[in-house]
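Heavy-atom basis, side chains included; hydrogens, waters and symmetry copies ignored. Chain letters run A, B, ... following the sequence lines, proteins first and then strands; every chain starts at 1.
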Protein chains: 2
Amino acid sequence: MTDQKDKSVPTIADVARAAGVSTATVSRCLNAPDRVQKATRQQVMAAIARLGYTPNFGARALVARRTNTIGAVIPTMENAIFARGLQAFQETLNERGLTLLVASSQYRQDLEEDQVRNLIARGVDGLLLIGYQRSESIALECARRGIHAIIAWAFEPGRPQPAVGFDNSAAMAALTREVLALGHRQVGVISAGTGSNDRARKRVEGIRAALRAAGCAADSLHVVETTYAIDAGSAAFRELMARTPRPTAVMCGNDVLAVGAIRAARQMRLRVPQDVSITGFDDIEIATVIDPELTTVHVPHREMGRRAALALLEALETGTPPAPVELATDIRFRASLGPPPPDPRTTA
Amino acid sequence: MTDQKDKSVPTIADVARAAGVSTATVSRCLNAPDRVQKATRQQVMAAIARLGYTPNFGARALVARRTNTIGAVIPTMENAIFARGLQAFQETLNERGLTLLVASSQYRQDLEEDQVRNLIARGVDGLLLIGYQRSESIALECARRGIHAIIAWAFEPGRPQPAVGFDNSAAMAALTREVLALGHRQVGVISAGTGSNDRARKRVEGIRAALRAAGCAADSLHVVETTYAIDAGSAAFRELMARTPRPTAVMCGNDVLAVGAIRAARQMRLRVPQDVSITGFDDIEIATVIDPELTTVHVPHREMGRRAALALLEALETGTPPAPVELATDIRFRASLGPPPPDPRTTA
DNA sequence: TTGGCGAGTGTAAGCGCTTACATATTCCCA
DNA sequence: TGGGAATATGTAAGCGCTTACACTCGCCAA
């Protein structure tokens with residue numbers, strides 16, 4: 001089938017023949033133009049253009065042992081959480097002549113591992129990964145091949161791995177303190193599954209830590225784990241509202257869940273924040289589009305992407321792993337967070 | 001730097017030696033396991049596992065002339081428009097053992113062309129492209145290499161190119177008729193740049209056609225072109241509201257713009273739909289999260305992605321380009337669309 | 001004049017893999 | 001019991017490219 005391929009895709013040998021030079025000269029024109037005389041080079045370039053020649057990437061990678069390609073494995077492309085940071089990552093890479101290959105793991109550790117292997121087999125020179133949690137065989141494999149892997153969207157003090165991120169636990173603890181300061185004592189939490197998602201786990205830990213520090217009883221915290229989707233956020237919110245005592249504030253593991261919670265509140269005719277407060281995490285665009293606008297933890301996505309790219313670039317050049325970088329987050333106070341209702345109606 | 005690479009990345013020869021067989025047998029274990037005896041295979045597999053061997057993708061592609069990889073170039077990853085369809089596309093591909101490589105073009109034709117060439121050089125077996133509009137050299141190049149390219153997110157009757165999409169113009173015309181039926185006569189439009197985006201252009205054309213069919217004067221249509229972003233939608237909405245006569249309905253080229261428009265309306269203390277109606281296109285998740293919920297054209301994203309994958313798969317197998325497929329869209333009536341205000345206040 | 005040098009170019013050896021073909025082994029039936 | 005088919009495995013060519021090394025040539029200092 002489609003055997004017209006046969007002779008119509010030009011190789012470097014075709015170009016060499018057409019230009020009356022050797023394949024080495026053609027190769028040099030492409031990779032080190034200043035090492036060939038101008039007249040020769042022009043002839044070669046003309047032949048390349050005439051034939052529509054494109055170097056075969058696989059062959060090139062096979063011998064050059066460098067692909068100028070970076071791989072990234074993100075949990076999902078379906079929501080905007082990683083989009084902006086990844087965009088900045090890609091832009092910075094492109095400026096330096098590198099290409100980005102993206103794969104998604106659907107928040108599944110086994111799939112992430114597959115995708116990483118796949119990218120490595122494709123010869124990526126470096127890797128961007130989300131969070132710390134993964135089988136350690138991946139790190140071993142990278143080390144063996146001399147591939148630098150950098151972690152983003154997370155930073156845990158004391159961890160030696162190269163990372164450009166923020167302290168999920170501390171950021172969420174800070175937000176929790178604000179919630180408590182307003183007088184809330186019954187706090188509900190909607191989180192992504194904490195089993196295989198260390199960012200989600202750290203965020204919940206941050207909430208627990210802040211509650212503990214404030215002397216709140218552990219049983220005043222209601223946690224619902226669910227998947228990262230708007231509908232899931234809505235369902236989880238309903239579940240929390242059915243509990244006794246009913247939470248006066250619902251803190252969500254990210255903005256997507258929070259938006260689902262707000263929608264559910266609207267459908268339940270609960271006023272936000274008069275009847276119940278809702279908070280998010282990430283500060284993606286949707287946070288200022290929803291009514292009421294969402295109080296959330298702002299994450300410097302673009303800066304994170306850019307700095308992760310720079311760190312990786314540097315690692316590639318120097319051969320030494322970059323030092324971890326902690327980025328600051330801050331809280332964006334918007335309408336969805338307020339004091340608890342005066343009558344605490346602790347029973348639904 | 002990192003020259004530990006040297007002997008520590010195992011090749012097929014290392015595996016062969018470790019298992020006491022030839023490289024051909026190792027290769028067969030991987031590519032046609034039933035052509036080697038069970039005992040031999042087990043030894044080979046054990047050696048592979050012990051050494052942590054991964055076939056080098058470039059070398060494999062070089063000789064096999066097939067990569068089992070499909071490339072997709074989408075305009076942007078930043079918003080959710082393409083996310084769901086692409087996800088379905090990928091899932092269907094994965095089920096069949098193919099890998100997806102995604103690149104983004106930022107809605108720029110020159111970048112799209114670069115990305116396509118890049119993907120082709122990487123040896124993709126097939127391509128998913130958005131919309132019809134691009135330099136024809138791309139089609140030529142694909143034909144020469146026997147690469148099947150399939151168009152999605154658009155379907156134009158009479159066009160021969162393989163496509164799985166919907167009729168942007170007809171869909172928008174249908175929505176426009178509903179707007180007109182409610183009594184609106186002053187219609188504003190917020191569109192993405194129509195210069196290099198044929199879907200955006202067709203949508204605006206659909207609106208014009210419906211207005212013309214209803215006997216509306218051409219000057220009752222106010223079009224603002226902007227970029228695909230929530231903020232841009234907000235700004236464009238403000239601009240439209242400043243015009244005289246002021247539109248009673250604002251039709252947006254997609255949901256992202258519409259959401260920006262709704263936010264701007266809220267900030268301007270305009271009630272939607274009592275003071276002004278707003279419609280979208282795409283029916284992404286945000287449409288049911290915004291308040292008021294958005295009346296929009298529902299696009300079967302997942303089905304489109306799945307069917308595009310199936311069409312491509314079939315093309316790969318049979319070698320013949322698949323016939324174009326038109327998918328139906330329908331209108332989701334929600335709160336953002338209502339009759340025009342009784343007092344038309346045609347002046348701001 | 002001669003030797004040496006540098007610049008420009010060519011020759012050819014692989015990179016890691018698949019696969020056509022050759023070879024070895026087994027098994028069945030005449 | 002022998003011949004040939006069927007099965008299992010090995011040998012080696014070559015995919016398209018880069019690059020070490022060899023070669024040629026013109027130039028200048030000795």
Side-chain angles (χ1 to χ4, degrees), chain A residues 3 5-45 47-48 51-69 120-123 125 145-146, chain B residues 3 5-45 47-48 51-69 120-123 125 145-146:
Chain A
D3 266 340
K5 278 191 183 189
D6 272 6
K7 252 317 14 118
S8 65
V9 175
T11 72
I12 200 172
D14 296 322
V15 175
R17 207 172 308 121
V21 299
S22 74
T23 62
T25 300
V26 176
S27 176
R28 276 190 283 258
C29 281
L30 261 21
N31 301 301
D34 43 314
R35 301 193 58 249
V36 356
Q37 215 153 8
K38 198 169 171 210
T40 322
R41 194 181 351 154
Q42 284 173 342
Q43 286 206 334
V44 171
M45 288 316 197
I48 288 179
L51 270 55
Y53 167 75
T54 322
N56 179 308
F57 181 84
R60 191 175 241 190
L62 187 55
V63 37
R65 285 151 177 297
R66 193 165 205 280
T67 57
N68 290 319
T69 300
I120 289 179
R122 292 188 122 85
D125 300 329
R145 310 223 177 203
Chain B
D3 266 339
K5 279 191 183 188
D6 271 6
K7 251 324 359 125
S8 67
V9 175
T11 71
I12 201 171
D14 296 322
V15 175
R17 207 172 307 121
V21 299
S22 73
T23 61
T25 301
V26 177
S27 176
R28 277 189 282 258
C29 280
L30 261 20
N31 301 301
D34 43 315
R35 301 194 59 249
V36 358
Q37 214 154 8
K38 197 168 170 210
T40 320
R41 194 182 352 158
Q42 284 172 343
Q43 285 206 336
V44 171
M45 287 318 198
I48 288 178
L51 271 55
Y53 166 75
T54 323
N56 178 307
F57 181 83
R60 191 176 243 188
L62 187 56
V63 37
R65 293 159 165 290
R66 192 164 206 279
T67 57
N68 290 320
T69 301
I120 289 179
R122 291 189 123 85
D125 299 329
R145 311 224 176 203

Contacts of B/Thr40 that satisfy side chain to side chain donor-acceptor pair (under 3.5 Å) - sequence neighbours left out:
none
Between its two end axes (five pairs each) the helix from C/dT1-D/dA30 to C/dA30-D/dT1 turns, nearest 10 degrees, through 50°
With sequence neighbours excluded, what pairs up with B/Arg122 under the side chain to side chain donor-acceptor pair (under 3.5 Å) test?
A/Thr69, B/Asn118
Going by the rule side chain to side chain donor-acceptor pair (under 3.5 Å), which residues pair with B/Asn56 if we only count those two or more places apart in sequence or in a different chain?
none
Suppose the criterion is salt bridge (charged side-chain N to carboxylate O under 4.0 Å, His left out): which pairs have a residue in residues 20-32 of chain B, not counting sequence neighbours?
none
Residues forming a side-chain contact (heavy atoms from CB on, under 4.5 Å) with B/Ala19, sequence neighbours excluded:
B/Val21, B/Val44, B/Ala47
Under the salt bridge (charged side-chain N to carboxylate O under 4.0 Å, His left out) rule, collect the residues that match up with B/Arg17, sequence neighbours excluded.
B/Asp14
Which parts of nucleotides 10-17 of chain C does protein reach within less than 4.0 Å, heavy atoms only, written one letter per nucleotide 5' to 3' as B for base, S for sugar-phosphate only and - for none?
BBB-BBBB
The side chain to side chain donor-acceptor pair (under 3.5 Å) partners of A/Ser27 (sequence neighbours excluded) come to A/Asn31
Tell me every residue that passes side-chain contact (heavy atoms from CB on, under 4.5 Å) with A/Ala64, counting only those two or more places apart in sequence or in another chain.
none
The correct set of residues in residues 35-44 of chain B placing a heavy atom under 4.0 Å from DNA chain D is B/Val36, B/Gln37, B/Thr40
With heavy-atom distances below 4.5 Å as the criterion, would you say the side chains of B/Thr54 and A/Arg145 are in contact?
yes
Can you measure from CD1 (A/Ile48) to CD1 (A/Ile12) and round to the nearest 0.5 angstrom?
8.0 Å
